[in-house]
Engineer: 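Please read through the structure below; I'll follow up with questions.
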Amino acid sequence: MLFNSFAFLIFFPIVTTAYFVLPHRYRWALLLAASCYFYMAFIPKYILILLVTITVDYFAGIGIESTQGKTRQWLLAASILANIGMLAFFKYFNFANENLSGLAGFLGWHYPIRDLAIILPIGLSFHTFQSLSYTIEVFRGNQKAERHFGYLALYVMFYPQLVAGPIERPQNILHQLHEDHPFEYQRVADGLKWMAWGMFKKVVIADRMALFANAVYDEPHKYTGPALVLATVAFAIQIYCDFSGYSDIAFGSAQVMGITLMKNFRHPYFAKSIAEFWRRWHVSLSTWFRDYVYIPLGGNRVSTGRWALNLFITFLLSGLWHGANWTFVIWGALHGLYMVTSTLGSRLRSASGSMSASPRLAQLRDGMATLWTFALVSFAWIFFRAANLDDAWYVVSHLPAGWDGFLMQVIEYARDGSLGLNEIIFRSIGLLTPLARGEIILTILPLLALVFVEIRQERGNFMQEISLQKTQLRLVYYAVLVFTILALGTSYTGVPQAFIYFQF
Amino acid sequence: MGDVSKLLKRCLQVIFLVSLMATAVFLTTRPDEKHVYQASLQKAHLLATEPSPRIIIFGGSNIAFGIDSKLIEKQLDYHVINDGLHVALGVAPLMEIERYLRPGDIVIISLEYYNFDSETSFFGQPQYLADWIELAPERIWYLQEPIRQMPSIYTIMLQRKINRVLQYYTYGGSLDVNRGIYTGGEFDEHGDFITYPDRVNQKFTIDSSAYPITLMDEAYVFLEAFNQSARSKGATVFYEAQAHRQSNCDSTGLRQIKRFFSRIRSKTTIPVLTDIDHVCMADKYFYDTAYHLNEQGREIRTQRLIDHLKTALGME
């Protein structure tokens with residue numbers, strides 16, 4: 001079930017009302033049943049995958065806690081094998097098979113194994129990692145094994161974060177699921193506000209940005225530099241609003257029920273370096289890889305060469321986690337490379353002593369650093385968004401092309417004087433149909449609203465600021481927000497657009 | 001419970017304000033007066049008022065452009081209503097026809113292969129249905145699942161109204177830029193689209209398009225249900241092939257097309273008028289799209305239809 005679907009509009013109030021009406025001791029059963037229903041709205045039989053991994057982890061957790069020595073390690077290994085095995089089978093089998101088949105073909109060998117006709121279970125990478133973190137934390141002694149199968153199942157399947165995270169840790173969530181959360185006006189209202197804001201980001205901005213990004217990335221060979229740059233920036237905004245929008249809805253819907261999820265995004269495009277970007281982007285995944293891959297590999301308490309390798313491997317795996325495609329591997333590798341070089345650079349800079357600068361100069365430097373980081377991140381998004389390596393290479397290699405023609409066209413339109421600036425730009429890069437003028441306005445206005453809110457949130461707590469306003473004014477704000485979602489959401493087809501991260 | 005009441009009160013207040021805004025948009029934004037769907041009002045009027053027995057020909061724009069109703073009327077002595085408008089409306093207008101059926105009426109269905117591409121193509125695309133319903137709100141009840149579809153249809157309608165207002169003002173107080181030659185005021189008294197003869201010399205590039213004909217059971221079940229309902233009202237239903245350009249026939253594949261017609265014959269009791277050898281028409285009979293006949297093509301197609309009807313009705 002999609003958050004931005006009509007079905008969820010019915011599902012959420014029913015489940016939430018039932019949650020508060022039911023006595024605390026039955027709530028886990030309600031939430032578990034609701035989560036199963038939520039998941040089964042996609043492909044019902046895939047619920048069995050969850051059943052298998054949860055059962056394995058349930059017994060592994062208890063076993064790990066109640067045994068000593070090698071047995072614990074074997075039990076942990078069994079849990080990791082079951083979870084990663086599922087992931088490998090459903091997500092990576094065909095990828096590996098295609099590559100092996102290609103290699104065999106190249107070498108002239110007979111390769112008889114065919115691809116499997118399987119559809120990737122929705123959110124598999126998310127719930128697998130969440131499941132894994134449970135047994136690992138029990139093994140490390142940071143979490144007591146859960147003796148109630150229902151609660152463990154709910155920890156893995158809690159519907160707000162089941163299909164696209166945040167990837168939670170048992171220490172944060174399990175105890176909250178056990179606790180009684182009575183109805184509290186402020187908390188519920190805040191949760192609803194987060195949901196509305198997330199919905200705005202998804203249906204008003206991300207889905208509209210997708211119109212531009214898809215138009216170019218579906219057929220990149222038709223375009224040159226200006227359109228490719230615009231589409232890439234559009235995708236950078238799309239993926240942020242799509243994923244952070246999802247996370248806000250997840251955060252809000254859990255908050256309504258008294259469960260506080262991890263904040264997955266902290267205004268990542270304000271980051272002044274790639275390292276900072278990763279402290280702000282998909283925080284639950286970055287910290288997962290940090291805790292369970294990077295640090296066990298040795299982290300930064302090793303030689304510089306080994307540290308760089310650790311970092312690179314971590315990002316490579318992170319890329320592969322996103323998708324079974326070389327484009328994702330390259331995306332991860334690029335970020336690995338960015339991280340290594342930027343961290344080495346900052347080490348060198350601190351070794352040579354910090355430069356003092358006037359506040360205005362420092363502000364300018366920060367601004368440039370933010371822009372540079374955004375440019376690097378956007379460049380990497382090319383590989384994330386492109387359908388295959390050929391398309392990605394085309395985009396990368398044609399970024400510098402076509403600018404002269406574009407500028408000539410801009411000058412020509414500007415001389416003509418009958419078009420506005422935005423239209424001149426879109427027309428000159430060949431992305432404007434006669435009908436698009438209204439669409440551009442509908443894109444720019446919400447985008448300005450987003451930037452305004454993001455800046456205010458970055459500097460303080462904008463939500464808090466609004467809640468200090470007079471009630472009537474606040475109601476108007478919220479009504480305008482809801483109306484904008486209804487009126488400017490791009491569901492022209494009546495079919496809600498899936499969240500990008502559902503495919504992972 | 002104080003907290004719950006407070007939240008409910010606040011939610012209701014927000015809903016009230018949102019409703020006010022939406023109502024303001026609905027009340028102040030009128031449908032586009034020249035939109036091609038304006039013709040659907042004229043067609044609905046014909047369905048309600050034209051005396052029976054009548055021949056009602058239903059389909060997408062291939063019917064609007066491709067039928068000479070006067071010729072049929074002259075040769076068969078029936079009142080003829082051309083109820084073809086737009087492929088994207090799917091079969092929704094067929095339910096409007098059903099409402100006005102009377103004994104002795106003949107309905108000729110000529111859907112495009114595109115309609116058999118997916119469920120949405122068959123039952124109508126929401127954004128186009130929203131425009132169609134905007135002109136006559138009772139049409140919401142002609143949809144496949146009116147109650148379920150209502151929220152999304154009205155939300156889409158709201159979005160399209162706002163977009164239309166923006167288009168209107170940003171293009172200097174006109175919506176002409178949205179229109180091609182296919183506009184609402186260009187239909188004759190039978191519902192035939194009549195502007196194209198003046199444009200026949202205009203050069204058009206016709207893209208070849210071929211849609212996979214998905215043999216959806218729901219489509220045949222729907223058509224048969226319509227057939228039975230029409231019969232119960234004393235009307236007769238026939239199926240006729242869409243006007244299909246030869247090069248498109250080639251890309252769709254004759255095998256696919258044959259399979260489609262054999263499916264129509266086996267899954268429904270609707271007689272198929274078209275001779276399979278005449279399903280495809282030479283490219284020279286089309287002018288702007290692969291489905292829009294020019295004047296010459298229209299006459300050939302209409303004459304064939306008349307001949308087939310004569311045979312089917314035993315008028316020869």
Side-chain angles (χ1 to χ4, degrees), chain A residues 4-7 9-10 13 16-17 20-21 182-193 196 203-204 208 256 418-420 422-423 433-443 445 471-472 474-496, chain B residues 1-22 24-26 88 118-120 123-131 143 148-172 175-180:
Chain A
N4 51 336
S5 66
F6 184 65
L9 201 64
I10 305 288
T16 308
T17 308
F20 286 117
V21 168
F183 187 96
E184 280 172 30
Y185 171 78
Q186 200 52 53
R187 191 198 71 225
V188 174
D190 285 347
L192 294 175
K193 286 173 212 166
V203 302
V204 178
R208 199 170 294 280
V256 165
S418 64
L419 301 173
N422 57 16
E423 199 166 350
T433 64
L435 296 174
R437 205 182 285 197
E439 286 293 339
I440 293 171
I441 293 170
L442 293 180
T443 305
L445 291 179
T471 309
Q472 289 88 337
R474 273 187 289 137
L475 286 173
V476 171
Y477 286 155
Y478 304 140
V480 168
L481 180 62
V482 174
F483 181 77
T484 310
I485 292 166
L486 284 176
L488 304 190
T490 56
S491 59
Y492 291 152
T493 56
V495 180
Chain B
M1 281 308 285
D3 273 4
V4 177
S5 320
K6 190 177 170 188
L7 185 81
L8 283 176
K9 191 177 147 195
R10 292 278 184 265
C11 287
L12 286 174
Q13 284 169 330
V14 171
I15 290 169
F16 174 73
L17 286 173
V18 172
S19 309
L20 267 185
M21 293 176 201
V25 173
F26 272 91
S118 69
E119 218 171 294
T120 313
F123 290 106
Q125 293 180 28
Q127 66 270 45
Y128 295 102
L129 290 174
D131 288 351
L143 301 187
R148 193 186 63 77
Q149 288 172 274
M150 211 179 271
S152 68
I153 289 288
Y154 280 105
T155 308
I156 291 166
M157 204 185 287
L158 176 71
Q159 294 172 355
R160 289 176 77 84
K161 276 174 178 286
I162 288 177
N163 210 332
R164 197 189 306 139
V165 172
L166 272 174
Q167 300 284 350
Y168 182 81
Y169 286 110
T170 51
Y171 284 99
L175 288 169
D176 284 345
V177 71
N178 294 356
R179 301 188 189 96

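Treat the numbers as computed from the prediction; the structure is a model and nothing was measured. Just so it is clear: chains get the letters A, B, ... in the order the sequence lines come, proteins before strands, and each one is counted from 1.
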Engineer: Under 4.5 Å between any side-chain heavy atoms of A:Phe483 and B:Ile162, yes or no?
Structural biologist: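 SC-SC contact between A:Phe483 and B:Ile162 confirmed.
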Engineer: More than 12 non-hydrogen atoms from neighbouring residues, nucleotides or ligands closer than 6.0 Å to CZ on B:Phe26, yes or no?
Structural biologist: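 Enclosed: over 12 neighbouring heavy atoms sit under 6.0 Å from CZ of B:Phe26.
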Engineer: Tell me, out of A:Leu192, A:Leu475, A:Val476, who's got the most heavy-atom pairs with chain B below 4.5 Å.
Structural biologist: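 Most heavy-atom pairs within the cutoff with chain B belong to A:Leu475.
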Engineer: Heavy atoms, side chains only, cut-off 4.5 Å: are B:Met21 and A:Val480 in contact?
Structural biologist: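 The answer is yes; the side chains approach within 4.5 Å.
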Engineer: Quick one: OH on A:Tyr477 to CG on B:Leu17, what's the gap to the nearest 0.5 Å?
Structural biologist: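 The CG atom of B:Leu17 is 14.0 Å from OH of A:Tyr477, to the nearest 0.5 Å.
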Engineer: List the atom of A:Phe183, the atom of B:Leu7, and the distance in Å for their closest heavy-atom pair.
Structural biologist: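 Looks like CZ-CD2, 3.7 Å.
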Engineer: How close do B:Val18 and A:Ala479 get, counting heavy atoms only, and between which atoms?
Structural biologist: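 Nearest heavy atoms, B:Val18 then A:Ala479: CG2-O, 3.5 Å.
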Engineer: Measure the CD-CD distance between B:Gln13 and A:Gln472 for me, rounded to the nearest 0.5 Å.
Structural biologist: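 It comes to 8.5 Å.
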Engineer: Could you tell me the separation between the CG atom of B:Leu158 and the CG atom of A:Leu488, rounded to the nearest 0.5 Å?
Structural biologist: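 B:Leu158 atom CG to A:Leu488 atom CG measures 8.5 Å (nearest 0.5 Å).
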Engineer: Taking the side chain as everything from C-beta on, heavy atoms only, tell me whether B:Arg10 gets closer than 4.5 Å to A:Tyr478.
Structural biologist: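 Not touching, per the 4.5 Å side-chain cut-off.
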Engineer: I'd like to know which of A:Leu481, A:Val188, A:Thr471 tops the heavy-atom pair count under 4.5 Å against chain B.
Structural biologist: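 When all of A:Leu481, A:Val188, A:Thr471 are compared, A:Thr471 has the most.
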Engineer: With rounding to the nearest 0.5 Å, note down the distance linking CD in B:Gln149 to CZ in A:Phe6.
Structural biologist: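 If I round to the nearest 0.5 Å, the distance is 11.0 Å.
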